[in-house]
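Working notes, beginning with the structure itself.
Letters A, B, ... are given to chains in the order of the sequence lines, protein chains preceding strands, and every chain is numbered from 1.
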Amino acid sequence: MKQKIKQLIYEALKEAHKKGKLPSSEFPDIQIEEPKSQVHGDFSTNAAMIMASSQKMSPRKIAEAITGNLGDRNQIISKVEIAGPGFINFYLKESSWYPVLFRIHEENARFGSSNLGKGEKIQVEFVSSNPTGPLHVGHGRGAAVGDSVGNILAFCGYDVEKEYYINDSGRQINTLGRSVFYRYRELFGEKIEFPATCYQGDYIRDIAIKIKDADGNKFLEQDEETAVSYCARLAAKEILEGIRQDLDFFGVKFDVWFSEQSLYDSGKVESVINDFKKKEIVYKNEGALWFKTSDYGDEKDRVVVKKNGEKTYFASDIAYHQEKYERGFDLVIDVWGADHHGYIPRLTACVEASGKDRNQFQVILVQLVNLLRGGEPVAMSTRAGEFITLKDVISEVGRDAARFIFLTRHYDSPLDFDLELAKKKTSDNPVYYVQYVHARISSIIRKAAEREISDIVIDDEAIAMIIQSEEVELMKALARYPETIENSAKLMEPHRITFFLMNLASLFHAYYNKHRVLTDDPLLSRGRLYLVAAVQKVIRNGLTLLGVSAPERM
RNA sequence: GCGCCUGUAGCUCAGAUGGAUAGAGCAACGGACUUCUAAUCCGUAGGUCGCAGGUUCGAAUCCUGCCAGGCGUACCA
């Protein structure tokens, strides 16, 4: 709709110039806005004000030249006025919104999709939690954001792959193995002072018990290194399986599970380091090998190989990100917890060193989640192994509520997640508010079927019945959906969709309370049913992008 | 110290690329179910957009400085 108005204005500008009303034929990019207040029309433009200096005319004179030459072939405008310093306000006819409804019914689940991405290959990597313990709430937020961003980008014509990076190599895995091994020995009555650096959670003991049940005391007789390494492999596999299940439970699916260890096994890490040596962007100092990340804007250089010969986590990260581009991605998006933000410059450096542009790499930093219960912080001590896992949260509040709440904030701001609030089935809880719209409309459609108006079809007479101001507001909101999706994709901000849905829901509930859809007048009923069914389709469409279900009944 | 993020109603937060009188929800108060689901709606009240300058027709939004909070600043992951 904005585009249509914009086009009309440009045509008017050309026309006015042809008639000699405007001296310059240079027309800048004008903006069409939806005024906050109804008294300023359905749309307004600042075109006249922007052009004041280039046309060397007063804004009001320019505005007159525009309005005087406005053509309206499709008869969508009911009134145009010039207001304030030179705004031009457009008032549209109710009927100008009807095509939006036609499109929604025709495109249904595809409404709002686009070819913005033109098939560009994007990888979204998220969660990527170490397989040393279960997922917690923070991972849940990352999962909800990453999954949804992936959905939205795919909807906008990008070729998206979702990936989970498994940190199954290095010291933390060794620590995991030792943790399990100590618990295992304890099971045979050995008194062990359990190191504070080891993982404390009960799940470690559970794995030890499994090993004991399967293999008995076999590992007590082997040398420690072999036993630890076995425990590590088994525990990591076990925990990763749990993570997969939790994510599945949360409705998050990955296209690829990528193993860090595989980068070592294939020699990729080694070859990247050699490559960097050849390019002389790494150097030796005090026995360690450093990457000159400061040449690429990092505040200082970073170690790739430690003095003791061990490779740092950064080493495999360099290899990993290079490998991503070799798979043909035009853009790589990493979703990280905000506490990792110091890592961005050094990874940007490695992307640039690999010959890629720095804007082919983007990081979404998701802020912390504070878990509350009834307004009080929930004690979370990883060290003592006392924490509420993502699985606990989902079991308690439900998948839909959890996912929706994670997306009710810009990822940039910290989120308070209140378990009591998330469980509440009232208007405090926005999920149900939105889902309720879907259920209510489903109910209306069922009732309509009983009255044998099962086919939601439309004709000119029926649709012409849609004239109430609440109905126009609904249509205006629906018309905004495609641009909401587009902005959400461009900025990678799923919460824009969440807020759109809450707003649409609010308009619908108000309408529902004021007007009946099914009335004694069949024509009116058909028209309203058509409108309401469009609302339902858009609600379902949006919820799907967020990974939330759209129930028929509640 | 340096870097990143945040500061908008009592609380939790929206306000992309500057637009007209800054918006929701919760909490408070008062109303609406013989009618398609009251998990809903309507109304009232609530503001120095952290502070101070600057840019311009016009600033919550852009620039500078300051204040407050969070996070980071490892040969940890």
Item to check | Any residue meeting salt bridge (Lys or Arg N to Asp or Glu O under 4.0 Å) with A:Arg346, in chain and number order, not counting sequence neighbours | outcome: none
Next on the checklist: Whether A:Lys268 and A:Glu323 form a salt bridge (side-chain N of Lys/Arg under 4.0 Å from carboxylate O of Asp/Glu) is what I want to check.
Outcome noted: no
Next on the checklist: Students often get this wrong, so: under 4.0 angstrom with heavy atoms, is A:Phe499 touching a base, only sugar-phosphate, or nothing?
Outcome noted: sugar-phosphate
Checklist outcome for this item: Rounded to whole Å, CG of A:Leu507 lies from P of B:A24 at a distance of 11 Å
Checklist entry - OP1 or OP2 of B:C36 sitting under 4.0 Å from any side-chain N/O of A:Tyr511? => result no
Item to check | With A:Lys306 via side-chain contact (heavy atoms from CB on, under 4.5 Å) - residues at least two apart | outcome: A:Arg171, A:Val303, A:Asn308, A:Glu310, A:Thr312
Next on the checklist: What contact category does A:His515 fall into here, base, sugar-phosphate, or nothing, at under 4.0 angstrom with non-hydrogen atoms?
Outcome noted: base
Item to check | Atom-to-atom span, CG of A:Asp416 to P of B:C26 - whole angstrom | outcome: 18 Å
Checklist entry - When the P atoms of B:C11 and B:A27 are considered, how many whole Å apart are they? => result 16 Å
Next on the checklist: Check this for me, if you would: do A:Lys307 and A:Glu286 make a salt bridge, where the nitrogen-to-carboxylate-oxygen distance has to be below 4.0 angstrom?
Outcome noted: no
Next on the checklist: Would you measure the distance from the P atom in B:U6 across to the matching atom in B:C63 and give it in whole Å?
Outcome noted: 12 Å
Checklist entry - Please give, in whole Å, the distance from B:A39 P to A:Leu501 CG? => result 21 Å
Checklist entry - Syn or anti for B:C5, taking syn as within 90° of 0? => result anti
Next on the checklist: Can you check the distance between B:C26 and B:G58, where both ends of the measurement are the C1' atom (answer in whole Å)?
Outcome noted: 34 Å
Checklist entry - Nearest-Å distance, NZ (A:Lys307) to P (B:C75)? => result 11 Å
Item to check | 5' priority, RNA chain B, between A:Thr408 and A:Ala505 [closest heavy atom] | outcome: A:Thr408
Next on the checklist: Taking B:U12 as the reference, what is the distance to B:G18 when you measure between their C1' atoms (whole Å, please)?
Outcome noted: 27 Å
Item to check | A:Ile281 to A:Ala353 - nearest heavy-atom pair and separation | outcome: CD1-CB, 3.7 Å
Checklist outcome for this item: Separation of B:A74 atom P from A:His340 atom NE2, nearest Å, is 14 Å
Checklist entry - Considering only the C1' atoms, how many Å lie between B:A14 and B:G23, rounded to the nearest integer? => result 7 Å
Next on the checklist: I'd like to check the salt bridge (Lys or Arg N to Asp or Glu O under 4.0 Å) partners of A:Glu299; sequence neighbours left out, ordered by chain and number.
Outcome noted: none
Item to check | B:G47 and B:C42, which share atom name P, separated by this distance in whole Å | outcome: 22 Å
Next on the checklist: Taking any heavy-atom pair under 4.0 Å as a contact, classify A:Arg171: base, sugar-phosphate, or nothing.
Outcome noted: sugar-phosphate
Item to check | Whole-Å C1' distance, B:G25 and B:G3 | outcome: 35 Å
Checklist entry - A:Arg409 near the nucleic acid: base, sugar-phosphate alone, or nothing, with a heavy-atom cut-off under 4.0 Å? => result sugar-phosphate
Checklist outcome for this item: Those residues at least two apart in sequence (or on a different chain) that pass salt bridge (Lys or Arg N to Asp or Glu O under 4.0 Å) with A:Glu473 are none
Checklist outcome for this item: Sorted by chain and residue number, the ring-ring contact (aromatic ring centres under 6.0 Å, His included) partners of A:Tyr511 (sequence neighbours excluded) come out as A:His515
Next on the checklist: Please classify the nucleic acid contact of A:Ala510 as base, sugar-phosphate, or nothing, using heavy-atom distances under 4.0 Å.
Outcome noted: sugar-phosphate
Checklist entry - What string of B, S and - do you get for nucleotides 1-8 of chain B, 5' to 3', if B is base contact, S is sugar-phosphate-only contact and - is no contact with any protein heavy atom under 4.0 Å? => result --BBSS--
Checklist entry - Does A:Tyr432 place a side-chain N or O at less than 4.0 Å from the phosphate oxygens OP1/OP2 of B:A39? => result no
Next on the checklist: Heavy atoms only, 4.0 Å cut-off, all strands: where does A:His495 land among base, sugar-phosphate and nothing?
Outcome noted: sugar-phosphate
Checklist outcome for this item: For A:Asp168, the salt bridge (Lys or Arg N to Asp or Glu O under 4.0 Å) test, sequence neighbours excluded, returns none
Listing time: all N or O pairs from protein to nucleotides 18-22 of chain B that are below 3.5 Å?
{"unit_1": "B:G19", "atom_1": "N7", "unit_2": "A:Asn46", "atom_2": "ND2", "d": "3.1"}
{"unit_1": "B:A20", "atom_1": "OP2", "unit_2": "A:Lys36", "atom_2": "NZ", "d": "2.9"}
{"unit_1": "B:A20", "atom_1": "N6", "unit_2": "A:Ser44", "atom_2": "OG", "d": "3.0"}
{"unit_1": "B:A20", "atom_1": "N6", "unit_2": "A:Asn89", "atom_2": "OD1", "d": "2.7"}
{"unit_1": "B:A20", "atom_1": "N1", "unit_2": "A:Asn89", "atom_2": "OD1", "d": "3.3"}
{"unit_1": "B:A20", "atom_1": "N1", "unit_2": "A:Asn89", "atom_2": "ND2", "d": "3.3"}
{"unit_1": "B:A20", "atom_1": "N3", "unit_2": "A:His40", "atom_2": "NE2", "d": "3.4"}

Checklist entry - Does any donor-acceptor pair link the side chain of A:Asn487 with the base of B:A16 at a separation under 3.5 Å? => result yes
Next on the checklist: Tell me the interatomic distance from A:Asn370, atom CG, to B:G69, atom P, rounded to whole angstroms.
Outcome noted: 17 Å
Checklist entry - From the list B:U35, B:C75, B:A38, which nucleotide is the closest neighbour of the side chain of A:Arg516? => result B:U35
Checklist outcome for this item: Residues passing the ring-ring contact (aromatic ring centres under 6.0 Å, His included) test with A:Phe126, sequence neighbours excluded, are A:Phe254
Next on the checklist: Nearest whole Å is fine: how far is B:A16 P from A:Arg496 CZ?
Outcome noted: 6 Å
Checklist entry - Between B:G69 and B:U64, how far is it from one P atom to the other, in whole Å? => result 23 Å
Next on the checklist: Using heavy-atom distances to pick each residue's nearest nucleotide on RNA chain B, tell me which of A:Tyr512 and A:Tyr343 is more 5'.
Outcome noted: A:Tyr512
Next on the checklist: Determine whether the aromatic ring of A:His509 stacks with the base of B:A38, defined as ring centroids separated by less than 5.5 Å and ring planes inclined by less than 30°.
Outcome noted: no
Checklist entry - With sugar-phosphate meaning primed atoms plus P, OP1 and OP2, does A:Lys300 contact a base, only sugar-phosphate, or nothing at under 4.0 Å between heavy atoms? => result sugar-phosphate
Checklist entry - When Watson-Crick pairs (N1 to N3 and N6-O4 or O6-N4) and G-U wobble pairs (N1-O2 and O6-N3) count only below 3.5 Å on both distances, what is the dot-bracket string of RNA chain B, with | for other-strand pairs? => result (((((((..((((.....[...)))).(((((.......))))).....(((((..]....))))))))))))....
Next on the checklist: From the set B:C75, B:C36, B:G15, return the single nucleotide nearest to any side-chain atom of A:Glu493.
Outcome noted: B:G15
Next on the checklist: Taking A:Glu125 first and then A:Lys324, would you say they form a salt bridge - that is, a charged N and a carboxylate O separated by under 4.0 Å?
Outcome noted: yes
Next on the checklist: If I take atom CZ in residue A:Arg302 and atom P in nucleotide B:A74, what distance separates them, rounded to the nearest angstrom?
Outcome noted: 7 Å
Checklist entry - For B:A38, does OP1 or OP2 lie under 4.0 Å from any side-chain N or O of A:Arg440? => result yes
Next on the checklist: A:His509: which residues meet the ring-ring contact (aromatic ring centres under 6.0 Å, His included) condition with it, sequence neighbours left out?
Outcome noted: A:Tyr433, A:Tyr436
Item to check | Derivation of the side-chain contact (heavy atoms from CB on, under 4.5 Å) call for A:Phe417 and A:Val393 | outcome: CA-CA 10 Å; A:Phe417 192 108; A:Val393 172; 3.8 Å; yes
Checklist entry - With sequence neighbours excluded, what pairs up with A:Glu552 under the side-chain contact (heavy atoms from CB on, under 4.5 Å) test? => result A:His438, A:Ser442, A:Arg446, A:Arg540
Checklist entry - Do the side chain of A:Asp42 and the main chain of A:Leu92 share a donor and acceptor less than 3.5 angstrom apart? => result yes
